[in-house]
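A short write-up of the structure that comes next.
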Amino acid sequence: MVVRLGVAWATVAAFAVFGGGWLGGLDAPLVAAGLFAWLFAVILWSAFGVVHEAEELADRLGEPYGTLILTLSIVVIEVALVAAVMLGAKAAPTLGRDTMFAVIMIVMNGLVGLGLILGGLRHHRQNYNLDGAGAYLAAIIPLTTIALIIPNFTTSTPDGSLTVVQAVAFSVLTVVLYGIFLLLQTGRHSDFFLDFVKPGADAPEARAAHPDAGRGAILRHAGLLLVSLLPIVLLSKSLAAILDHGIKALGAPSALGGVIIAAIVFTPEGISAVKAIRRDQLQRAINLCLGAVTSTVGLTVPAVLAIGLISGQRVVLGLAPAEMAVLAMTLLLSVITFSRQGTTVLEGAVHLVVFLAYLTLIFSP
């Protein structure tokens, strides 16, 4: 942890002093590639540090608070990267949409598919708490529909963007719905997000005991989480400038920027989810995956719309027709996958196929 923090903060200092000159030489391909690789590696390594500290807090606070802290920390990183690109490029109207859509596809199809295949091969059939999965999907379906589909069918704008009234209303509705979900998750229905309990078995406690669960340990890990998170936020502007330049220089599809941001943000959490599935802790993996999607849409939508309103930028949220079809298929498959007790390799293979179809559409729309 000390080495990781040292490298991260040394990178912050280096870009604070020399970043202006370095970013001015991006027309040289080797310079741009080297800077991107450096920042990508440091931010990803720091993200692993955030996940580690969040998992330490999870062990001490128990579920559902542990995975909630982890998903919220990851979403903060995502919002920081999206905001940096939007404010730096001044011409990225679809970045928020592309990033949210990439998160949904990577998590609900890529991670879920890979995880269920690995879990099915190792444990044959895995059980989880059906109430928790249902609660996640009950929030995800309206959140994603309001954010990514409805803007295409409004008559006030022709291009999937929103009017000021619509942006404010959709932001408020999204925050309210996400807030209600959090109250359910941490309040009277927190048991929905605990491990599946077989009939006749004792219900698990909402908070897991830990030998080092005192206030001092919790505050220490919370402080380390913030110290690990801050370099990512500070370096996000530099990475955004390189990312925007590289996509334009290579003539790559604009959606690739959202995929890269989503990959940076969710790789550590995805590894944690896959490890949980291999340990036959499917409920924890579901909390991580579906919780990440719920938090992403619930917090990124109002953040992106607020940035657009404040900076005067046009924000396009509506997906293209093919992407809407893939999203609808993903939501339908998720309802089927998580509407019965137990999962197998088949569900994982289906989700993975949809993810590969999404990747194909990025480069051949």
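- Following chains of ILVMFWY side-chain contacts shorter than 4.5 Å, one can reach F153 starting from V326, so the two form part of one hydrophobic cluster.
- In this structure, the side chains of V164 and L309 come closer than 4.5 Å at one or more pairs of heavy atoms.
- Distance check: L183 CG to Y178 OH gives 11.0 Å after rounding to the nearest 0.5 Å.
- In terms of hydrophobic clustering, with Ile, Leu, Val, Met, Phe, Trp and Tyr side chains grouped at heavy-atom distances under 4.5 Å, F101 and V316 are assigned to different clusters.
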Side chains of residues 107-118: which donor-acceptor pairs under 3.5 Å do they make with residues two or more places apart or in other chains?
| residue | atom | partner | partner atom | Å |
| --- | --- | --- | --- | --- |
| N109 | OD1 | H351 | ND1 | 3.1 |
| N109 | ND2 | T330 | OG1 | 2.8 |

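- Separation of the F338 and Y136 ring centroids does not fall under the 6.0 Å cut-off.
- Here the closest non-hydrogen pair linking L5 and S228 is CD2-OG, 3.6 Å.
- Take R4 and apply the salt bridge (charged side-chain N to carboxylate O under 4.0 Å, His left out) test, not counting sequence neighbours, and it matches no residue.
- V297 is listed as a side-chain neighbour of I104, based on a closest heavy-atom distance under 4.5 Å.
- Put simply, OG1 on T99 and CG on L95 are 4.0 Å apart, with the number rounded to the nearest 0.5 Å.
- Aromatic ring centroids of W45 and F40 lie 6.0 Å or more apart.
- When all heavy atoms of A135 and F181 are compared, the closest pair comes out as O-CE1, 3.7 Å.
- Taking every heavy atom of both residues into account, S334 and L137 meet most closely at O-CD1, 3.6 Å.
- Here M324 contributes atom CE and T144 contributes atom OG1; the two are 12.5 Å apart, rounded to the nearest 0.5 Å.
- To the nearest 0.5 Å, the span separating CD1 on I260 from CG on L243 amounts to 5.0 Å.
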